[in-house]
Structures are given as structure tokens and as C-alpha cells.
Engineer: 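One structure is given below, represented as C-alpha cells, and several questions about it will come after.
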Amino acid sequence: MAGKRFLDEPGSELDRPGDQKRMRRRPSFASVIGEAVMVNSLKNFCLALEPMLRRVVNEEMETKFRRSTFPLARSPSLRIQSLEPSNLQLVFSKNLLLPLFTGSKIVDLDSSPLQILLVDTRFDQIVPTYLPRPAKIEVVVLDGDFPEYDKRKWTSEEFNRNIVKERTGKRPLLAGDCLTVNLRDGCAAIGDIEFTDNSSWIRSRKFRLGVRVVPESYQGVRIREAITEAFVVKDHRGELYKKHHPPALQDEVWRLEKIGKDGAFHKKLAAARINTVQDFLKLSVVDPRNLKGILGPGMSEKMWEVAIKHARTCDLGSKHFVFRRPNCTITFNPICQIVHAVIDGNSYSTEELPCITVYAENMVRQAYEEWDSLEEIVGISSDTRLLTQGEPADQYSDHHQSIVKSFQPTDHAYVEMGNLPSNSRFGYSN
């Protein structure tokens with residue numbers, strides 16, 4: 001009887017290849033068909049998805065590429081353009097009339113509306129120019145510390161960064177319907193504009209006015225902005241105490257520089273019956289030492305010069321005053337200066353008076369004491385309003401000419417700051 005064979009014995013039936021294949025599980029027909037259909041569907045799905053994926057990937061790559069190359073391709077050109085020297089510049093035709101108060105119209109030195117000009121600075125002289133088509137310009141408020149003292153040129157970005165906006169809860173700093181106007185033929189007039197707030201709340205305590213071209217209205221080379229000098233804007237209530245430039249003869253004496261209303265100097269002058277600018281000027285002519293003594297040691301020499309210089313800008317008008325004595329007839333202007341004298345039948349002009357100085361001084365003092373009783377006449381307008389005491393007229397003429405010569409239109413320092421010399425002429429009619 002043959003013994004049993006174990007599975008691990010070499011002669012086992014499982015060692016035969018045919019038996020091993022039969023032991024494996026054979027796939028069914030349905031599973032084979034299902035697998036074939038799934039593979040085919042996945043292939044079709046991939047073929048349909050591929051174009052969409054390609055498009056999305058391309059769009060994302062292009063976006064990333066543009067973002068990464070924009071600073072390299074665009075910014076340098078813009079930066080170079082802003083730093084390139086510009087030949088075209090906006091300028092104010094005249095300086096502002098100061099001081100400025102809130103609610104008061106902003107005008108130039110002639111009390112006329114502000115006028116903006118377009119000039120070309122390439123040449124030795126300032127040359128007016130114009131654009132092929134009108135462009136819009138706008139008026140803005142700038143910090144008084146801009147630009148820096150030693151920097152007369154600036155970029156558009158620096159200009160825009162220093163524009164001052166209104167305080168929180170306040171109205172816009174500038175009010176008016178002419179903040180944006182058209183620049184035509186190289187000229188534009190700014191209408192009625194005014195400040196709505198003072199300048200005490202910013203660090204510099206000063207404002208500047210600036211004028212720039214509205215970017216959307218102009219495509220071309222850069223036009224440098226116009227900038228005024230720095231100035232203080234005071235509240236409207238301070239206008240009641242402002243100084244007059246020039247003062248009038250009948251203005252109260254505190255309208256003069258260095259003499260404040262109800263201040264120490266004002267009270268001292270009032271106690272000495274010096275109430276008007278005319279009273280101040282008369283005593284400065286007759287007895288300047290006495291006038292200085294009334295003001296006291298608090299009035300320094302520099303303050304005295306400022307006050308007396310301001311007073312002498314007064315318009316003397318056409319009135320004259322006649323002082324009569326049996327042997328003389330002397331004609332004075334409103335501040336007690338001799339205009340003409342007839343003494344012992346001899347006629348003396350102003351230039352001939354020094355030869356009779358002592359006698360003339362005595363007559364002047366007597367006339368000053370009796371001023372209210374002098375005969376008042378209306379004559380030719382006096383031309384001595386700017387002459388200092390004892391200063392000959394030809395000396396004043398030479399001094400005036402030297403001042404005019406110092407302001408030539410070729411001085412680009414004024415134009416670089418957006419201002420023109422007051423005596424510049426470009427053929428424009430203001």
C-alpha cells in the first residue's frame with residue numbers, strides 16, 4: 001500500500017504548471033468589457049481637458065510674466081522722464097498781495113485776479129509760449145516748506161506729495177469756482193478764490209499756492225508746476241488789525257508796522273496826541289528825537305527804521321498848508337515838509353532852503369504848533385512821499401534805478417520758483 005504524499009514533497013501535483021494556472025482566478029467577460037470602456041472614457045476626457053488646461057496655464061504664465069517685467073520695462077522710462085529737465089514751466093505773472101486772510105479774495109500786487117503764464121526757459125530770456133491745444137490747469141495748496149531751501153527744481157511726484165488737504169471735518173482749503181481753468185494761448189486767469197482755513201495748524205505754519213497741469217487733459221513733455229512764495233494765512237478776524245500797505249494819512253497810527261493796536265507803543269503815542277499816521281509823520285519831520293523819546297527804549301533802532309519806512313510809503317495827496325507871517329509865507333505838504341517859501345520878498349525852493357536852515361527850522365516848529373490854524377489849499381500832488389528826511393531827490397532816483405536793474409527777466413531764480421519779476425513784460429495785457 002503506497003503511503004500519502006505531503007504537499008511539500010517534490011512529487012506533489014501542485015508542482016505542475018497546468019495545475020497552478022487553473023488555481024488562479026480568471027477575469028470575467030463583463031469585467032474586461034468594463035475596464036476597456038473606462039480606459040477609453042478616461043482617454044477621451046483627457047483629450048477634451050487638455051486644450052482648456054493649456055489655455056489656463058498660458059494665461060497665468062502671461063500674467064505673471066507681465067507683472068514681473070513691468071517694473072523693469074516701464075518704471076525706468078517714467079523715472080527718467082520725471083527727472084529730465086523740462087523747458088516748459090507755468091509761472092505766476094505777479095506776486096500775491098499779502099497778507100492773506102480767510103474769506104478774502106486772493107489777488108496779485110495790483111489787486112487783479114491771478115494770471116498764469118506758460119514760458120520756455122531754454123533761452124537766456126524768459127520766452128512766452130503756448131500749446132497746440134488748450135489744457136486744463138488746477139490750483140492747489142502746498143506746504144510752505146516745499147521745496148527745500150536749496151532745491152529749486154522738483155519732480156511731479158514730490159509736488160503731489162506736498163499738496164495740503166483740508167483738516168478733518170473742515171471745508172476744502174480753497175473755495176471758488178475757478179480752481180480749474182483752461183490754459184489757452186499760453187495764458188489763463190484765475191477767478192475769485194479764497195482760503196477757508198488758516199495756516200497755523202501745519203508744521204511750517206505757512207502755505208504756498210501751486211498750479212499744475214491736469215494729467216488727463218494733456219499728453220506731452222512735462223510742464224513744470226508754478227509755485228508762489230511761502231505766506232501765512234490768518235483768520236478773518238485778524239483782518240481788523242492788519243497793516244495797510246501803503247497806509248493813508250488818516251489811518252490810525254497802529255496800522256504802521258511794529259506798532260500794535262492797544263500795545264505799549266500805541267498807548268504811548270496816544271498819550272502824546274499822536275493818533276494818526278499823519279501825526280506820526282509830522283513829528284518825525286519836525287522833531288524825530290522827541291518821537292523816539294515818546295516810543296521809549298523798547299523801540300529798537302531796527303524797529304524804528306521799519307516803522308518810519310512803512311509810514312513814508314504813504315500817499316501825501318495834493319493838499320498843502322500855508323503858514324503866513326508879516327515877512328514870510330511858507331507852504332508845507334501834509335507832513336510839515338516845506339514845499340516853497342517866500343521870505344523878505346525872496347522866493348526859495350526846496351533845494352535852496354539849506355542856506356537858511358536855522359530860520360527855516362524855527363518856522364517849521366511854529367507851523368507845527370499852529371497846524372490846525374494853517375490855511376489849507378489844494379495844489380499839485382506832492383512827489384515826496386518816498387523821500388527820507390534830508391535825502392535829495394536825485395539820490396532817490398539813483399536808488400530806484402539800482403532796484404529796477406536788480407530785477408531783470410533773465411533771472412531764472414524767479415522762474416524756477418514759479419514767479420516772474422514784477423517788471424517783466426511779455427506783451428500780455430493784464
Engineer: Checking Phe146 against Glu158 for the side chain to side chain contact (heavy atoms under 4.5 Å, CB included) test, could you report, in this order, the C-alpha distance in whole Å, the side-chain angles of both residues, the deciding distance, and whether it holds?
Structural biologist: CA-CA 9 Å; Phe146 172 77; Glu158 292 172 336; 4.1 Å; yes
Engineer: If you round to the nearest 0.5 Å, how far is CZ of Phe207 from CG of Asp197?
Structural biologist: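 If we round to the nearest 0.5 Å, Asp197:CG and Phe207:CZ are 6.5 Å apart.
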Engineer: Give every residue pair that meets the ring pair (Phe, Tyr, Trp, His ring centres under 6.0 Å) criterion with at least one member in residues 279-317, sequence neighbours excluded.
Structural biologist: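 Pairs touching residues 279-317 that pass the test: His245-His310.
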Engineer: Dump the intermediate steps for salt bridge (charged side-chain N to carboxylate O under 4.0 Å, His left out) on Lys319 and Glu376, then the final yes or no.
Structural biologist: CA-CA 7 Å; Lys319 290 184 179 181; Glu376 182 178 325; 3.2 Å; yes
Engineer: For the residue pair Phe101 and Phe195, is the inter-centroid distance of their aromatic rings smaller than 6.0 Å?
Structural biologist: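 Distance test on ring centres: not under 6.0 Å, no.
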Engineer: Output the distance between atom CG (Asp287) and atom NZ (Lys282), rounded to the nearest 0.5 Å.
Structural biologist: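 With rounding to 0.5 Å, CG (Asp287) is 14.0 Å from NZ (Lys282).
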Engineer: Nearest 0.5 Å, please: how far is CG in Asn333 from CD1 in Ile335?
Structural biologist: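 If we round to the nearest 0.5 Å, Ile335:CD1 and Asn333:CG are 5.0 Å apart.
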Engineer: At what distance, to the nearest 0.5 angstrom, does CG of Leu316 lie from CG of Leu281?
Structural biologist: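 Those atoms lie 7.5 Å apart.
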Engineer: Treating Asn346 as the side-chain partner and Val342 as the backbone partner, does any N or O pair qualify as donor plus acceptor under 3.5 Å?
Structural biologist: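 Absent.
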Engineer: Checking Arg224 against Trp154: charged group under 6.0 Å from the ring centre and within 45 degrees of the axis?
Structural biologist: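 Yes, a cation-pi geometry.
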Engineer: Which atoms form the tightest heavy-atom contact between Leu256 and Lys243, and what is the distance?
Structural biologist: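 Where Leu256 meets Lys243 most closely, the heavy atoms are O-NZ, 3.1 Å.
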Engineer: Hey, does the side chain of Asp110 reach the backbone of Ser112 with a donor-acceptor pair shorter than 3.5 angstrom?
Structural biologist: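 Checking the backbone N and O of Ser112 against the side chain of Asp110, no donor-acceptor pair under 3.5 Å is found.
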Engineer: Can you tell me how far CG of Asp143 sits from CG of Asn162, rounded to the nearest 0.5 angstrom?
Structural biologist: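 Output value for this atom pair is 6.0 Å.
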Engineer: With sequence neighbours excluded, tell me which residues meet side-chain hydrogen bond (donor to acceptor under 3.5 Å, both in side chains) with Asp251.
Structural biologist: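 So Asp251 forms a side-chain hydrogen bond (donor to acceptor under 3.5 Å, both in side chains) with His244.
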Engineer: Any carboxylate oxygen within less than 4.0 angstrom of a Lys/Arg side-chain nitrogen, looking at Lys258 and Glu305?
Structural biologist: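 The answer is no: the pair does not qualify as a salt bridge.
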Engineer: Are Ile274 and Leu283 close enough that some pair of their side-chain heavy atoms sits under 4.5 Å apart?
Structural biologist: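 Sidechains of Leu283 and Ile274: in contact.
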